[in-house]
Amino acid sequence: MADVAVRPHETRQTGAGEYAYQPGFGNEFASEAVQGALPAGRNSPQRAPLGLFAEQLSGTAFTQPRAVNRRTWVYRIMPSAAHPKFSRIGNGTLRGTPFDEIEPDPNRLRWDALPLPLADERVDWIDGLFTIAGNGDLSTRNGLAIHIYAANQDMTDRYFVDSDGELLLVPELNPIVLHTELGPLRVTPGEIAVVPRGIRFRVELPDGLARGYVCENFGAAFTLPERGPIGANGLANERDFLYAHASFEERGHTVQVVNKFGGNLWAADYDHSPLDVVAWHGNYAPYKYDTAKFMVIGSISFDHPDPSIFTVLTSQSESPGLANVDFVIFAPRWLVGENTFRPPWYHRNIMSEYMGLVRGTYDAKAEGFVPGGASLHNTFASHGPDAETYRHASTAELAPQKLDDTLAFMFESRWTIVPTGQAMSASWRQSDYDAVWSGLERRFR
Ligand SMILES: [Fe+2]
């Protein structure tokens, strides 16, 4: 089919390859890629400007309270209703709820990094998704799935939309560019991005290869945790969350839209790009955040607070303080506690903890927990520092110490996180993980 000239995106750039963004978590934004595309004074005029179609994208029920209500008005070249039937395609290594392939396993689990695609394989971001674990029920909007991606091909004429959940992306190896309906976001390791449920996007790999983690959140949309006595500032500050500017594509040939719906993949061939939004206004939009901007709060006397002090984003349940999933980071910080065992203490926890590592080392594990790898400590699994870390931390001289060049994170959930069969049988699972605690000795006298 003839390729009608694809108008380069109206991607706004501030120079030197930098994308421009609009700041402010949950703000009411307005953006137009072509001047005059946004109607003034009303959302749905009899004829939208420039021959565009007006469409509302609702991320919450119409009647939810203002504080959580999210919707965006888009002005697009074709209404998104203009598409043919979706048909089932293979799920590849993607899995959905229920996570019941194996019996829930009380053992502590750890994995090396997901192997990268070989040079002669063509794997885009969708095909590169590998589901590690999950919980809940996507049909009742509870729980989460944890995926890893490893890809070496751009999505050029292929788009993804997740009807089941919101996607929190944590790049580990190389940046990704998310071309979304509401504009592009370039996300580099150290940054994270959130694509709300139902928003179409494609992923480009500027370095030709990328790997990272994905939390697919079936529950309430991620929001910022309350600060309580911390006050009005600190942790992740609202102004540091960045949203895209309007940008659009025109495609004159057939493209494929892959829809994750009910845990399965469906696809339809479109005769236009679904990223054809010329202007938009609203508060339901993808965003990114640089974890280097996280104001880390910790003890300046003794002990250290519970790791909830490191929460960046939370998906709350109906019980106050009980998260469907929390996204928590272990970022560079000073340790100054006096007469304190400074790494994480030994603990057992009703909450379930999946941890990953973007770079550096994590202060509870001297070795074996590698960038791109992961550990899973489920409900009441006993864990904490490995023997080497304990030996060092319990005898070290307690001068002020900077933990630098490190970024670990945790997806922490109220429910047991059950691994998939493929994660349990993966060659890159560490079958001897328990051994990290085997060198601990009796010290009781
Ligand atoms: Fe833990």
Side-chain angles (χ1 to χ4, degrees), residues 104-112 132-135 143-144 146 148 168 170 213 215 225 235 291 294 296-299 303-315 317 321-333 335 337 340-394 403 406-419 423 429-430 432-440:
D105 188 324
N107 285 299
R108 302 159 295 199
L109 301 170
R110 194 162 73 175
W111 291 267
D112 290 330
I132 294 285
N135 62 26
L144 77 161
I146 297 166
I148 303 183
L168 164 62
V170 185
Y213 306 85
C215 177
L235 309 182
T291 62
F294 189 80
V296 184
I297 291 177
S299 172
D303 288 348
H304 51 74
D306 293 322
S308 47
I309 196 73
F310 300 145
T311 301
V312 179
L313 291 165
T314 182
S315 161
S317 71
L322 178 61
N324 178 60
V325 54
D326 278 339
F327 174 62
V328 176
I329 59 169
F330 301 85
R333 61 199 183 277
L335 302 179
T340 290
F341 183 78
R342 289 178 176 175
W345 2 251
Y346 292 101
H347 60 287
R348 292 179 295 153
N349 187 356
I350 191 169
M351 299 290 277
S352 293
E353 308 171 0
Y354 174 91
M355 284 196 63
L357 187 65
V358 175
R359 63 170 167 260
T361 55
Y362 174 59
D363 58 328
K365 296 289 184 295
E367 57 187 36
F369 182 56
V370 297
S375 67
L376 178 57
H377 301 142
N378 255 316
T379 311
F380 288 118
S382 307
H383 61 288
D386 60 28
E388 175 53 33
T389 302
Y390 180 83
R391 201 171 296 124
H392 177 75
S394 57
L403 292 180
T406 179
L407 182 62
F409 70 90
M410 181 161 65
F411 301 144
E412 179 173 296
S413 175
R414 65 185 298 191
W415 289 305
T416 303
I417 300 171
V418 182
R429 183 165 78 82
Q430 300 175 6
D432 59 346
Y433 181 33
D434 291 334
V436 307
W437 293 283
S438 64
L440 292 165

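Every number for a ligand or one of its atoms is a count from 1 in the order of the listing. All figures in this text were calculated on a predicted structure; none of them were measured in a lab.
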Would you please name every residue forming a salt bridge (charged side-chain N to carboxylate O under 4.0 Å, His left out) with D303, sequence neighbours left out? none
Does any N or O in the side chain of W437 come within less than 3.5 Å of the main-chain N or O of G384, such that one atom is a donor and the other an acceptor?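 Looks like yes, one N/O pair under 3.5 Å.
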With a cut-off of 2.8 Å, does any N, O or S atom of H377 fall short of it relative to the Fe ion (ligand 1)?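 For H377, the answer is no, given that no N, O or S atom comes within less than 2.8 Å of the Fe ion (ligand 1).
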Could you pull out every donor-acceptor pair under 3.5 Å between side chains of residues 371-382 and any protein atom, sequence neighbours left out?
from : atom 1 : to   : atom 2 : distance (Å)
H377 : NE2    : Y433 : OH     : 2.8
N378 : OD1    : S352 : OG     : 2.9
N378 : OD1    : I417 : N      : 2.8
N378 : ND2    : I417 : O      : 2.6
T379 : OG1    : S352 : OG     : 3.0
T379 : OG1    : T416 : OG1    : 2.9

Roughly, to 10 degrees, what angle do H383 atom NE2 and E353 atom OE1 form around the Fe ion (ligand 1)?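 The angle at the Fe ion (ligand 1) comes to 90°, rounded to the nearest 10°.
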Distance-only polar pair, side chains of T314 and D326, donor-acceptor under 3.5 Å: yes
Name, closest N/O/S atom of H347 to the Fe ion (ligand 1): NE2
